[in-house]
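This structure is a prediction, so every number in the text was calculated from the model and none was measured.
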Amino acid sequence: MCNDFKKDLGINIRKIRQQKKMTQEDLSLESTVSRSHIAMIEAGKRDITISALFKISRALNANLQEIFNFDDVEKYKFNIEKFYE
C-alpha cells in the first residue's frame with residue numbers, strides 16, 4: 001500500500017514537473033534536492049522528507065494540495081491487521 005502511494009506521488013511530481021517544462025536537473029537546481037534523489041522519488045523508489053517535499057513544491061511553484069492531488073483515502077487505506085497475520 002505504502003509503495004503504491006510512493007509510486008503515485010512520484011508520478012504526480014513528474015507530471016507537474018513536465019507540465020512546467022522542467023527537467024530533473026532544473027528541478028534539482030531550483031530545489032537544492034539532488035537530481036538522483038528526484039529521479040528516485042519520481043520512480044517511487046525513495047521516501048521523501050517533508051523538507052524535500054516542501055523544497056520541490058516551491059521549485060515547481062505548486063502548492064502541496066496540487067502535489068497530493070492524486071490521493072484517494074479509499075485506495076490508500078491503511079490495514080493494520082496485515083501486520084498481525
Side-chain angles (χ1 to χ4, degrees):
M1 190 89 49
C2 187
N3 288 334
D4 291 340
F5 184 84
K6 285 193 306 189
K7 184 177 181 183
D8 290 346
L9 175 62
I11 289 169
N12 198 47
I13 290 172
R14 178 184 301 123
K15 181 184 83 172
I16 294 167
R17 176 180 58 76
Q18 290 173 337
Q19 287 173 346
K20 307 282 182 170
K21 303 208 184 315
M22 294 177 78
T23 65
Q24 288 180 344
E25 187 66 26
D26 295 334
L27 182 54
S28 174
L29 292 170
E30 291 289 325
S31 67
T32 71
V33 175
S34 75
R35 193 214 52 80
S36 61
H37 190 68
I38 289 169
M40 296 294 279
I41 291 166
E42 288 185 356
K45 295 180 180 177
R46 180 73 58 90
D47 284 327
I48 185 169
T49 65
I50 295 296
S51 176
L53 187 61
F54 179 78
K55 289 175 182 180
I56 288 170
S57 75
R58 296 309 103 161
L60 291 171
N61 196 29
N63 63 42
L64 292 174
Q65 185 176 2
E66 185 178 355
I67 299 288
F68 287 107
N69 190 38
F70 69 93
D71 191 12
D72 178 349
V73 172
E74 291 303 314
K75 181 178 180 181
Y76 304 110
K77 189 167 268 189
F78 183 72
N79 184 358
I80 196 161
E81 293 176 11
K82 283 183 160 182
F83 293 101
Y84 294 105
E85 293 178 346

side-chain contact (heavy atoms from CB on, under 4.5 Å) assessment of Leu60 paired with Ile67: CA-CA 10 Å; Leu60 291 171; Ile67 299 288; 4.2 Å; yes
side-chain contact (heavy atoms from CB on, under 4.5 Å) assessment of Lys7 paired with Asn3: CA-CA 6 Å; Lys7 184 177 181 183; Asn3 288 334; over 6 Å; no
Assess whether side-chain contact (heavy atoms from CB on, under 4.5 Å) is satisfied between Ile48 and Val33, documenting all intermediate values. CA-CA 10 Å; Ile48 185 169; Val33 175; over 6 Å; no
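The hydrophobic cluster containing Ile38 does not contain Met40, counting ILVMFWY residues as joined when their side-chain heavy atoms lie under 4.5 angstrom apart, directly or transitively.
Within the structure, the salt bridge (charged side-chain N to carboxylate O under 4.0 Å, His left out) test picks out the following pairs touching residues 43-58 (sequence neighbours left out): Lys6-Asp47.
Rounded to the nearest 0.5 angstrom, Ser34 OG and Leu29 CG are separated by 11.0 Å. Note that the OG1 atom of Thr23 and the CZ atom of Arg35 stand 9.5 Å from one another [nearest 0.5 Å]. To the nearest 0.5 Å, the span separating CG on Asp26 from NZ on Lys21 amounts to 12.5 Å. Note that CD1 of Ile11 is 5.0 Å distant from CG of Asp8, once rounded to the nearest 0.5 Å. Distance CD1/Ile13 to CZ/Phe70: 8.0 Å, rounded to 0.5 Å.
Atom CG of Asn63 has more than 12 heavy atoms from other residues, nucleotides or ligands within 6.0 Å. Residue Gln65 qualifies as open at atom CD: its count of foreign heavy atoms under 6.0 Å is 12 or below.
Contact record, Asn69 with Asn12: N-ND2, 4.2 Å, taken as the closest heavy-atom pair. Considering every non-hydrogen atom in both Ala59 and Leu27, the closest pair reads CB-CD1, 3.6 Å.
Using a 30° and 60° split on the angle between ring planes, Phe5 and Phe68 fall in the parallel class, below 30°.
In terms of modelled atom types and a separation under 3.5 Å, the side chain of Ser28 and the main chain of Gln24 share no donor-acceptor contact.
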